[in-house]
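Below is the structure I would like to discuss, written out as structure tokens.
Note: hydrogens, waters and symmetry copies are ignored here, and every other heavy atom, side chains too, is used. Predicted model, so just to flag it, every value in this text is computed and none were measured.
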Amino acid sequence: MRNLLIIPIMLLLAFQVEAQNQTEPVRVGDVLVINQTKNQAFKSLDLPKANFIIKKGGIANYKSLNGKRVEVTAVETNDAGETTVKLQREDGSKFFRTHTTISANIDEALENGELIL
């Protein structure tokens, strides 16, 4: 009787561990494409404000990000379960000529279509 209870419990735990491993949508080194739909501002990408870009001598042109390939350099999950990634350009140049990396909420970005795998 005891063996009949142990087997289903072990199977349940095995499936739960496998499901937790599949929830991470991206890993370090993955390449994504930034996608901006018409007349829609980026909501899930954490971009610097235009005045900070201009003060550093950059060009605050958010439309220039459309179609750029970016590489994931770090993946972090906070206590609330939100996954944040750090992104750098695949070609090695800076965003807006001033920032080497930007961050994004990956779950929202993939859902909104702002980042494409």
Side-chain angles (χ1 to χ4, degrees):
M1 182 70 175
R2 203 157 111 196
N3 289 338
L4 292 175
L5 292 175
I6 293 175
I7 293 172
I9 291 173
M10 291 189 63
L11 287 173
L12 180 65
L13 290 174
F15 286 122
Q16 184 178 6
V17 169
E18 183 65 28
Q20 287 177 354
N21 290 340
Q22 293 177 354
T23 58
E24 187 175 313
V26 295
R27 296 184 181 146
V28 174
D30 286 351
V31 177
L32 306 170
V33 177
I34 298 176
N35 181 33
Q36 181 181 19
T37 58
K38 294 181 182 178
N39 299 326
Q40 181 181 1
F42 292 109
K43 295 180 183 177
S44 57
L45 295 179
D46 187 21
L47 300 174
K49 292 184 179 181
N51 61 333
F52 291 117
I53 296 170
I54 294 169
K55 282 181 183 179
K56 288 187 169 187
I59 300 171
N61 182 7
Y62 297 109
K63 291 181 182 180
S64 67
L65 294 177
N66 194 19
K68 297 294 180 192
R69 294 173 55 92
V70 292
E71 182 179 349
V72 177
T73 59
V75 179
E76 300 172 356
T77 304
N78 64 7
D79 295 336
E82 295 177 345
T83 304
T84 304
V85 295
K86 296 265 187 199
L87 304 169
Q88 75 178 27
R89 288 181 56 164
E90 187 180 40
D91 60 3
S93 60
K94 296 181 179 183
F95 294 100
F96 314 110
R97 296 185 187 172
T98 57
H99 293 76
T100 56
T101 62
I102 59 173
S103 60
N105 184 333
I106 191 66
D107 298 325
E108 288 180 10
L110 291 174
E111 183 179 318
N112 295 338
E114 293 178 6
L115 290 174
I116 301 172
L117 289 172

Just jot down the side-chain contact (heavy atoms from CB on, under 4.5 Å) partners of D46, sequence neighbours excluded, or say none. S103
Can you tell me if N35 uses its side chain to pair, donor with acceptor, with the backbone of L115 under 3.5 Å?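 Checked: no pair found.
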Inter- and intrachain pairs under ring pair (Phe, Tyr, Trp, His ring centres under 6.0 Å), touching residues 74-95, at least two apart: none
L87 CG to I106 CD1 distance, which is reported to the nearest 0.5 Å: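 Result: 6.5 Å between the selected atoms.
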Residues in side-chain contact (heavy atoms from CB on, under 4.5 Å) with E82, at least two apart?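 For E82 the side-chain contact (heavy atoms from CB on, under 4.5 Å) partners, ignoring immediate neighbours, are N78, N105.
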Taking the side chain as every heavy atom from C-beta outward, state whether V72 and L32 have any pair of such atoms under 4.5 Å apart.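 Yes. Closest side-chain heavy atoms under 4.5 Å.
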Could you list all the side-chain hydrogen bond (donor to acceptor under 3.5 Å, both in side chains) pairs where at least one residue sits in residues 85-96, not counting sequence neighbours?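 Found R69-E90, R89-D91, R89-S93, D91-S93.
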Give me the atom names and distance for the closest heavy-atom approach of I116 to G113.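 In this case the closest contact between I116 and G113 is CG1-O, 4.3 Å.
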Measure the CG-CD1 distance between L47 and I53 for me, rounded to the nearest 0.5 Å.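 Output value for this atom pair is 7.5 Å.
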Just to verify, what does F52 make a ring-ring contact (aromatic ring centres under 6.0 Å, His included) with, not counting sequence neighbours? none
Taking D30 for the side chain and V26 for the main chain, is one N or O donor matched with an acceptor at less than 3.5 Å?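 No, D30 side chain to V26 backbone: no donor-acceptor pair under 3.5 Å.
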With ring pair (Phe, Tyr, Trp, His ring centres under 6.0 Å) as the rule and sequence neighbours excluded, what pairs involving residues 73-94 come up? none
Rounded to the nearest 0.5 Å, the CD atom of Q36 sits from the CG atom of L65 at a distance of 7.5 Å
Verify same cluster id: V31, V33 (apolar side-chain graph, 4.5 Å): no
At their closest point, which heavy atom of E114 faces which heavy atom of S44, and how far apart are they?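 What the structure gives for the nearest pair is OE1-OG, 2.7 Å.
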Contacts of K56 meeting side-chain contact (heavy atoms from CB on, under 4.5 Å) (sequence neighbours excluded), chain-then-number -> T98, H99
Can you find a heavy atom in the side chain of V28 that is under 4.5 Å from one in the side chain of T73?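 No, their side chains stay 4.5 Å or more apart.
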When you compare the side chain of I34 with that of F42, does any pair of heavy atoms fall below 4.5 Å? yes
Under the rule for side-chain contact (heavy atoms from CB on, under 4.5 Å), what residues qualify as partners of N51, not counting sequence neighbours?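 Per chain and number, N51 pairs via side-chain contact (heavy atoms from CB on, under 4.5 Å) with K49.
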Checking F96 now: which residues fulfil ring-ring contact (aromatic ring centres under 6.0 Å, His included) with it, not counting sequence neighbours?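 Applying ring-ring contact (aromatic ring centres under 6.0 Å, His included) to F96 gives Y62.
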